[in-house]
Amino acid sequence: MNRRMIYLDHAASTTMRQEAIAAMQQVWADSPANPTGAHGPAQTMRTHLELAREQISRLCGVKPSAVVFTSGGTESDNWAISAGARRGRVLYSAIEHAAVVEPAIRAGGESIPVDANGVVDLIALKARLRQLSEEGVPVGVVSVMAANNETGVIQPLLQIGRMVRKLAPGALFHSDAVQAFSKVPLDIPALGLGAVSISAHKLGGPIGTGALVLGPEVELHPLLVGGGQEQGRRAGTPDPAGAAGFAAAAAILCPTDWEPIRQRRDRLEATLKSEIEGLVVHSADVDRLPTHCHVGIPGLAADIAVIACDRAGLALSSGSSCSSGAQKASGVMSAMGFSDQGALRFSLGWTTTDDDIDRALEIVTDVVSKLRKPRDRPPAPSSRVCSHSPPPHRHPEGAQRP
Ligand code: PLP
């Protein structure tokens, strides 16, 4: 049967833009050369690479030399955290992606709590920075993502940047903007950021290409060493086709273009709330990316629901993160004080239509009504699985679970 699949997992990876595919094909057609060579074909590859660098730098408000191409968001995050750890203590928000959390834990880092909406607790961050400063402990890096991958919640980077400059001026202020880039404005110098991780496949470019974009005057100890490429900052042959695809995709969207998608997301949420008893939309009252919708449904086995939706023609993800095929409890939900049971993430993308939303609603309401037993439904709001209780207290020295 030739059934159209509704894809609402764009936060995991989104549909490639035709412009990105065309730009990559052009590079591949031009030459097979290594861009670091001395001859004409290498020069052609270098031209593609530098054009892409320039285009991405303009979108970030930095000089082209500040854009260092990497293999994606994970490498960029790992690099920023490990370079920052050489300077001193690693602080990271409790809702960071594993690509930040894992290297931060290895470096003995400490997590900063978030509130029940998943917004970084500015008072806790300030208190900890002040305490470390009084104790004479240098802070190497403060890492807070621009927007969360599960809930889409946008973080107050401007205030955090001011705080870091005042209380830990030697620290690298890093932000994982893998989800936010191209959806919200990201002026790196204006936000006082020292390093920003971005990734091509979240915005319509190819998988396996990203960048770490450096703030003015920032230099970081390299993560990958060897051939001295990327001005000695990142060894390994750069990928001009990947960079060209990344730049072509990034150049298409500007934040205001997302308004129709936001309206579709809002309609999805409003209908889910009215159709599914007890459903809670997480972080509904704070600033979020226009693409993300994260809900908790009491009594639902979310992993089974995801499989049932897939069979019915809807691709979405459960609230727990999936790595190497294994489901792990969501660190984001527990940091916000929620259970991740019954949590589903719908993430819309640039291809999402009104019809997609209509069909997704039909499928998900049908799946939930079949999977949820009547006794699982909440008799009263107070007995919900996803209660809005405050996040658990977390000692700042404690490492966060991934
Ligand atoms: N950071 C965030 C917030 C993400 O959502 C992801 C991917 O899901 C990554 C980092 C990793 O990016 P990449 O897949 O390019 O390695």
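Order of listing sets the numbers, starting from 1, for every ligand and every atom in it. The residues of the chain are indexed from 1 along the displayed sequence.
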Nearest non-hydrogen atom to [atom] belongs to which of [options]?
| atom | options | result |
| --- | --- | --- |
| atom 1 (N) of ligand 1 | I198, V100, D176, N149 | D176 |
| atom 5 (O) of ligand 1 | M145, E150, H201, Q179 | Q179 |
| atom 16 (O) of ligand 1 | N78, D77, T74, T70 | T74 |

TODO: Just do the salt bridge (Lys or Arg N to Asp or Glu O under 4.0 Å) check on K370 and D366 with the steps written out, would you?
DONE: CA-CA 6 Å; K370 283 181 179 144; D366 184 53; 2.8 Å; yes
- [ ] Write down the atom of G242, the atom of P206, and the distance for their closest heavy-atom approach.
- [x] O-CG, 3.7 Å
Task: Over all atoms of both residues, closest heavy-atom pair of L371 and A308 - done: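 Result for this residue pair: CD1-CB, 4.5 Å.
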Open item on the list: One pair to check against salt bridge (Lys or Arg N to Asp or Glu O under 4.0 Å): E269 and R288. What are the steps and the verdict?
Closed with: CA-CA 13 Å; E269 282 181 359; R288 281 181 297 158; 2.7 Å; yes
- [ ] May I ask whether K202 has any heavy atom positioned less than 4.0 angstrom from an atom of ligand 1?
- [x]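 K202 counts as a contact of ligand 1 under the 4.0 Å cut-off.
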For [atom], what is the nearest protein heavy atom, given as residue, atom name and distance?
| atom | result |
| --- | --- |
| atom 15 (O) of ligand 1 | S199 OG, 2.6 Å |
| atom 4 (C) of ligand 1 | H97 CD2, 3.3 Å |
| atom 13 (P) of ligand 1 | G73 N, 3.5 Å |

TODO: Please state whether the rings of H294 and H282 are parallel, tilted or perpendicular, taking 30° and 60° as the class boundaries.
DONE: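 Rings of H294 and H282: tilted, 30 to 60°.
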Task: T271 side, atom OG1; L361 side, atom CG - distance, nearest 0.5 Å - done: 5.0 Å
Task: Numbering as shown, the atoms of ligand 1 that approach G72 to under 4.0 Å (heavy-atom distance) - done: 15 (O)
